[in-house]
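Each remark here refers to the structure printed beneath this line.
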Amino acid sequence: QVQLVEPGGGLVQAGGSLRLSCAASGDTFSNYEMGWVRQAPGKERELVARIDRTGEGTIYADSVKSRFTISRDNANNTVYLQMNSVRPEDTTVYYCVARGSPFGQYPYWGQGTQVTVSS
C-alpha cells in the first residue's frame, strides 16, 4: 500500500516551464514504478510519462516527448515531472500514479493537481 500526495500545480504561460512533484508514503517507494497521467478535455486518458524503480529507465508519450522529463528521488520518496515548452493543450489535471509487481495496471493514484497553460 502506498499513498500519493501532489502539491498544487500552477499557472504558466505557453512556452514556459513548470515542475510537478508527488510525495509517497506507506510502503517502500523503491518497489514501485511511478508515472504521470492526464486527461485533457475532449481527449482520452493518457499516461504521459513513467519511470522504473531505480530511475534509470523512462518512457514518454509522443505528445510530451522531448518536452517533459520524469525523475525520482528514492531517498525522499518523491517523483517529479519537469514540464518545459508547455502548450495550452497541456492544460488539465495531472495525476501521480504508482504500480508494483507484476507491473500491470496502476492501482495507486494521487488526488490530482491542476495545470493551466495560458496562451
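From a predicted model like this one, the values you see are computed outputs, not experimental measurements.
From Cys96, atom SG reaches atom CG of Leu81 across 9.5 Å, with rounding to the nearest 0.5 Å. In this structure, Ser85 OG and Arg67 CZ are separated by 7.0 Å, a value rounded to the nearest 0.5 Å.
Side-chain atoms of Asn76 do not come within 3.5 Å of backbone N or O of Thr78 as any donor-acceptor pair. No donor-acceptor distance shorter than 3.5 angstrom exists from the side chain of Asn77 to the backbone of Ser25, with no hydrogens or angles considered. Proximity of a side-chain donor or acceptor of Arg99 to a complementary backbone N or O of Met34 within less than 3.5 Å is not detected. Between the side chain of Gln111 and the main chain of Glu6, a donor-acceptor pair closer than 3.5 Å is present. Put simply, the side chain of Thr54 gets close to the backbone of Glu56: a donor and an acceptor are under 3.5 Å apart. Side-chain atoms of Ser30 do not come within 3.5 Å of backbone N or O of Asn74 as any donor-acceptor pair.
Residue Leu20 is grouped with residue Val86 when hydrophobic side chains (ILVMFWY) are merged at heavy-atom distances under 4.5 angstrom, including chains of intermediate members. Residue Val93 is not grouped with residue Val12 when hydrophobic side chains (ILVMFWY) are merged at heavy-atom distances under 4.5 angstrom, including chains of intermediate members.
Partner of Cys22 under the side-chain contact (heavy atoms from CB on, under 4.5 Å) criterion, out of Tyr94, Tyr80, Trp36: Trp36 alone.
In plain terms, the two heavy atoms of Val2 and Ala98 that are nearest each other are CG1-CB, 4.3 Å. The heavy-atom pair separating Gly8 from Thr113 by the smallest distance is C-OG1, 3.0 Å. For Ser119 against Ala14, the heavy-atom pair with the smallest separation is CA-CB, 4.4 Å.
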Inset, instruction - Tell me, with the steps shown, if Glu33 and Tyr106 meet side chain to side chain contact (heavy atoms under 4.5 Å, CB included). - result: CA-CA 9 Å; Glu33 179 183 293; Tyr106 287 90; 2.6 Å; yes
Legend entry - Pair Ile70-Arg72, side chain to side chain contact (heavy atoms under 4.5 Å, CB included): steps then yes or no: CA-CA 7 Å; Ile70 187 171; Arg72 67 190 295 162; over 6 Å; no
Legend entry - Residues Gln82, Ser17; criterion side chain to side chain contact (heavy atoms under 4.5 Å, CB included); working and verdict: CA-CA 7 Å; Gln82 179 66 45; Ser17 297; 3.9 Å; yes
Inset, instruction - Show your reasoning for whether side chain to side chain contact (heavy atoms under 4.5 Å, CB included) applies to Ser63 and Glu46. - result: CA-CA 9 Å; Ser63 58; Glu46 182 180 36; 2.6 Å; yes
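A salt bridge links Asp90 with Arg38; the closest basic N to acidic carboxylate O contact falls under 4.0 Å.
The environment of CD in Glu89 is crowded: more than 12 heavy-atom neighbours from other residues, nucleotides or ligands sit within 6.0 Å.
Judged by a 6.0 Å distance limit and a 45° cone about the ring axis, Arg53 is not positioned over the six-membered ring of Phe29.
Remark: Tyr95 pairs with Trp109 by the ring pair (Phe, Tyr, Trp, His ring centres under 6.0 Å) rule, at least two apart or across chains.
By the 4.5 Å side-chain criterion applied to Ile, Leu, Val, Met, Phe, Trp and Tyr, Val5 is assigned to no cluster and stands alone.
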